[in-house]
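Each chain gets a letter, A, B and so on, in the order the sequences are listed, and its residues count up from 1.
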Amino acid sequence: MWHNLGQLLRYRGLIQSLVARDLKARYRGSMLGFFWSFVNPLMLLLIYNWVFTYLLENRSQDTQPYAVFMFTALLPWTWFQSSLNEVTGSLISGGNLIKKVLFPAEVLPIVTVLGNMIHFIFGLPILAAFMWWYGVVPNWPQLPWFFVIVAVQLLFTIALGLVLSALAVHFRDVKDLVSNLLTFWFFATPIIYWYADERFKDYKFYFDLNPFSHLAISYQEVLFFDGGFGHWLWLLALGGASVVLFLAAYWIFDRLRDSFSEAV
Amino acid sequence: MSSPAITLDHVSKIYRRYGGRQFSTLKSALLSGDLVRKLRPEETFQALKDVSFTVPKGCTYGVVGRNGSGKSTALKLVAGITKPTIGTVQVDGRISALIELGAGFHPEISGRENVFINGIMLGLTKKEITKRFDEIVEFAELTEFIDAPVKTYSSGMYMRLGFAVAIHVDPDVLLVDEVLAVGDEGFTHKCLDKFGEFKRRGKTILLVTHSLGLVERFCDEAVWLDAGEKKAEGDPTRVVGTYVTDVARQEERFLAAADEKAKQDAGGAGQAAPSGPVAAEHHFGDMNQAGEGRWGSGGVEIASVDFQDANGQSTHVFHTGEQMRVILGVKAAAPVRDFVFGIGLFTADGAMVYGTNTDIEELESDRLEGEATVTLTVDSLDLVEGTYKLDVAVHKRDGAPYDYHRLLHTFRVKSRIKDGGIYRPKHRWDFSTAIKFKPPK
């Protein structure tokens, strides 16, 4: 396992070029091309904003301007959600590589997660533009934490991605299971609402159990709310847990590796 | 002798026969990859059975065998794509596998970008690819199209590009699985030249192919796998020879079985065969319309038909130019004075090659009684490769059949030379001194 983990570092050139290839291939032949990477989050924001500020008006004073509040956690969630949705099919659609070429299979889910991270990064200027438009100033001294949050989310997503992609090879049900679970997970996570709101105080225990709520709250505290970053301990704990989770996930992936070329 | 480049030590590979689940529960899948539910023997397929061979460094090693004999499995094991169930596989040096060409190509992006990504997948660095890029493109003959998306390529172009990248990885061990069929004649020659160059530079090549000529010409050693077992190993000419003999023997068995079946299908032997005006009308003219079968009055019965070679061995497979004997065992319950023996030779698609009988050849019948044999000897079977069918008959001079076997007997002619047509006349070429040919390899 440690040997293979070391090998993984050697493959960063491959990962890099596969991510670039997927991005290039994704919009090849479309009129707007790369522009879609900006349009997609923009449309997402406009639709949610329309629903939650006009149709279901949000009166909570804490979360005004609501568009910016919601978007600070929705954008990373989109990264998380589409990563996990795509990752369940990554080994199967890359079956040709696994079966015909000597190819480190873990590269495929990692490439999926990284490709979605690039889209997340493309969405950040949109977020910045909205913050500027609504006059929301980020928490400047806390801003370096933003990179820590992204790093933790990356590791956490890759860890889940490794397990899910490996299981999806043997249990194709995982794909549908995951996409339904993610819908539930989205609403169970304080993304479109603020977890400290009076109405949700009974659910605090469940929020604490939900790993992504710590990521969402961290994003919100660093980018949206004034005042300090009070959630940092939770974030670091999640970071530590993610490291353990990643190693466990990699171990499982490694155990199942030899079965891939026959099962995909 | 130098140290081996590839070693297979008592390797067995067992596949699951059905595409079902490998793990009984999600828990066992999560906890361990090798607590795999023990499969019952009928659920498995053993692709390789205790196979061992070593390929010395710098050796070109051929693997021959029928479809499904485990050749490709052996290659995948050497490439490290799958792991052996039992035994060990060791490879010394960088491998490049020409198994599935262009496996990693993405159709939407250009040939240029694909060359880079494919190269990295095969273990090159970006710098190495940049250095070899022009050579790769030139080898693939795609200079004009390299910036077009790969989806616009023809399958030949796709394969050529895949081949070009794989061969420029500069491996120590090259694995080739039946890929020489990718291009036109010219490209195939280029590939062979490239293999030759590899050989001269002392690289190891493992070649899986059905092209036996290639193995004989090109390989230093060869192994023959059959149903997952090693059948022969060593000198390629000898290995190929044993393999070809075995294929011929199997064909022989197959033809004999087909023969047997045809005879049974034709209904009980001559004595029960119906006779009548319909059957009596048969002449060479309308033989071309009738399907296979057997008919006749049964006054004389052809009880057996045997094909023998020059040594008197029964066989159904002959080589072009060999002697062939057709031996008819005939029986006549009562003495018969009016009889003609005839044969007709047909190609598999029903064209008549030759027909004759004792009447045409001016032999006048006198008397036939009891059991007897008729032998027709063809001194030199000058037919090109193919499957041929035979009519044999005994009938009256006016054509009324005693026993007529219509297309019931089959034999095969094999030839190393793949010439065309049906008939190969004995021939030779002569050239005046201004014409030179290379000496045969």
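- Contact of B:I95 with chain A is not made at all, since no heavy-atom distance falls under 4.5 Å.
- Separation of atoms CD1 (B:I117) and CD (A:Q16) is listed at 10.5 Å; rounding is to 0.5 Å.
- At a 4.5 Å heavy-atom cutoff, B:S72 makes no contact with chain A through either its backbone or its side chain.
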- Message: Run the side-chain contact (heavy atoms from CB on, under 4.5 Å) test on B:M121 and A:L18 for me, step by step, so that the C-alpha distance in whole Å, both residues' side-chain angles and the decisive distance to 0.1 Å come before the verdict.
- Response: CA-CA 10 Å; B:M121 277 181 199; A:L18 283 177; 3.9 Å; yes

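- Residue B:I129 holds its CD1 atom at 8.0 Å from OG of A:S17, rounded to the nearest 0.5 Å.
- One distance of note links CG of A:D22 with CD of B:E108; it measures 11.5 Å at 0.5 Å rounding.
- Heavy-atom pairs under 4.5 Å with chain A were tallied for B:T125, B:I81, B:T82, B:N114; the largest tally goes to B:I81.
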- Query: Would B:E113 and A:R21 satisfy salt bridge (Lys or Arg N to Asp or Glu O under 4.0 Å), going step by step from the backbone distance to the final call?
  - Reply: CA-CA 8 Å; B:E113 290 161 307; A:R21 179 189 83 170; over 6 Å; no

